[in-house]
Amino acid sequence: MKKLVFYSFFILLIYSFVSCKNEPQESTITSNSQDSTIQEQTTPNILQLEGQPISLVVTTQKAIVRAAPSIEAAEIARFSKGDSLLFTNRISEFNTAMKLEGVAYNEPWLRIILSDNKMGWIYGACINFDATQQVQLKEKVLDQRAVALFGASLAQQIAVYQKEVKTARTLPAFRTLYSRAQLLKDSLEKQMNVYLKTAHTFPDFFWLNELMDGLLVHYIESQNKYYLFKDLRVWQMISTQTDALEDDQFVEVLLASYPSDSIAFYFYGWQLPVDSTTMCSLLGSNIHIDVLDKIGVALDSNGYFNAEIKTIKQALIDDIAVAEHYWMPLEQIQQELNAILQKKYTFLSSGDRIALKTRRQLLQKHVENNIAVNLFEGQ
């Protein structure tokens with residue numbers, strides 16, 4: 001009997017020892033590599049997102065897939081910019097602070113499936129995706145990326161803007177939204193170009209397109225500069241959500257000012273850059289007179305968009321009056337200019353009319369006045 005009690009006590013002692021050995025231990029690993037700083041748990045919690053698996057697109061020059069959601073985990077695959085991966089709706093509940101290509105991020109890890117059906121983990125900052133297909137992932141990755149890179153205040157402005165895009169139903173709401181878009185454009189362009197100057201390689205900001213309808217990220221290689229341009233088709237759609245006509249008429253002015261692709265570029269649609277230093281006027285192609293006709297309809301007593309419309313009007317008059325290079329033949333240039341003067345637009349000032357008439361006279365002796373015409377034919 002004593003032996004049985006002794007053996008029972010001995011077995012219980014061994015079981016207790018083994019149980020203690022198998023209990024997960026919480027620990028922290030800190031790694032300081034040349035381009036990353038990490039502080040995370042080695043036994044992380046994994047969050048399962050709802051919805052169908054979606055495609056991810058690699059946006060960094062290279063992306064390493066690891067066996068676990070940790071910079072210390074073994075590398076099992078490597079991908080290049082533009083490669084497509086399949087997300088399996090698993091994401092780490094913790095973030096990892098890491099520098100990629102000279103930009104500091106703080107993002108989670110995403111589980112993907114490889115071609116050999118193996119599972120792997122990729123760092124969030126290496127990818128972009130269609131945010132409309134996976135709202136939870138947008139909140140966990142893209143929204144938090146905006147906070148990390150642009151600050152909480154600007155990220156909040158992005159969120160407010162996008163909410164107002166969906167809810168603008170009145171003319172004052174459209175007016176407020178348009179003003180907010182301009183403020184976002186100015187602020188984000190400034191921040192993006194700061195990163196562009198300081199990053200080790202080209203930083204990708206096209207993921208911002210997933211956070212903002214009506215604003216499109218563009219990179220102009222010849223200027224080495226990021227821009228945010230208004231997508232005027234989206235603004236046309238937003239204007240139809242209100243019962244007012246003023247916002248519809250204003251958008252028509254914008255569409256006429258950027259007729260080629262309905263994107264509010266950094267130069268107007270009546271201009272054509274020939275090279276980095278030469279901008280041609282397209283007077284003679286009837287873009288100018290079309291815009292002026294739309295302006296005549298859009299200017300209203302309420303004045304909701306009069307400031308923007310008058311800015312467009314002045315830029316158009318200046319293009320006609322002071323351009324040194326014209327793309328179209330002289331005959332077509334003169335035909336459109338004469339048609340504009342015959343219209344007698346009431347919104348043109350006496351100074352505008354004097355400038356247009358003076359230009360008509362100068363064009364009659366364009367060679368003597370160093371005005372180049374018909375650059376389309378190379379003359």
Side chains of [X] and [Y]: donor-acceptor distance under 3.5 Å anywhere?
X      : Y      : answer
Gln52  : Gln134 : no
Asp213 : Tyr161 : no
Glu50  : Asn89  : no

* For Glu221, does the CD atom sit with more than 12 other heavy atoms under 6.0 Å from it, leaving out its own atoms? -> no

* **Lys140 atom NZ: more than 12 heavy-atom contacts under 6.0 Å** => no

* **Full working for side-chain contact (heavy atoms from CB on, under 4.5 Å) between Lys225 and Glu189** => CA-CA 9 Å; Lys225 188 175 181 180; Glu189 282 181 351; 5.7 Å; no

* Criterion ring-ring contact (aromatic ring centres under 6.0 Å, His included) on Phe205 and Tyr226, from CA distance to verdict -> CA-CA 9 Å; Phe205 288 108; Tyr226 266 114; 5.4 Å; yes

* Does the cation-pi check pass for Arg66 over Trp109, that is, NZ or CZ under 6.0 Å from the six-membered ring centre and within 45° of its axis? ->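 No.
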
Any donor-acceptor pair under 3.5 Å linking the side chain of [X] with the backbone of [Y]?
X      : Y      : result
Asn338 : Gln335 : no
Asp247 : Phe174 : no
Tyr195 : Asp204 : no
Gln241 : Ala168 : yes

* Start with the C-alpha gap between Asp290 and Lys294, add the side-chain angles, then the distance that decides, and say whether salt bridge (charged side-chain N to carboxylate O under 4.0 Å, His left out) holds. => CA-CA 6 Å; Asp290 184 40; Lys294 297 292 195 304; 2.9 Å; yes

* Spell out, yes or no, whether Val135 and Phe87 are grouped together once hydrophobic residues are joined by side-chain heavy atoms under 4.5 Å, including indirect joins. => no

* **Ring centre gap for Tyr105 and Tyr123 strictly below 6.0 Å** => no

* Asked: When the ring centroid of Trp235 is compared with that of Tyr178, is the distance short of 6.0 Å?
  ->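 Yes - the distance between ring centres of Trp235 and Tyr178 falls below the 6.0 Å cut-off.
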
* Asked: Rounded to the nearest 0.5 Å, how far apart are CG of Asp116 and CD1 of Ile76?
  ->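 Interatomic distance, Asp116 CG to Ile76 CD1, rounded to 0.5 Å: 8.0 Å.
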
* **Ion pair check, Glu107 and Arg145, cut-off under 4.0 Å** => yes

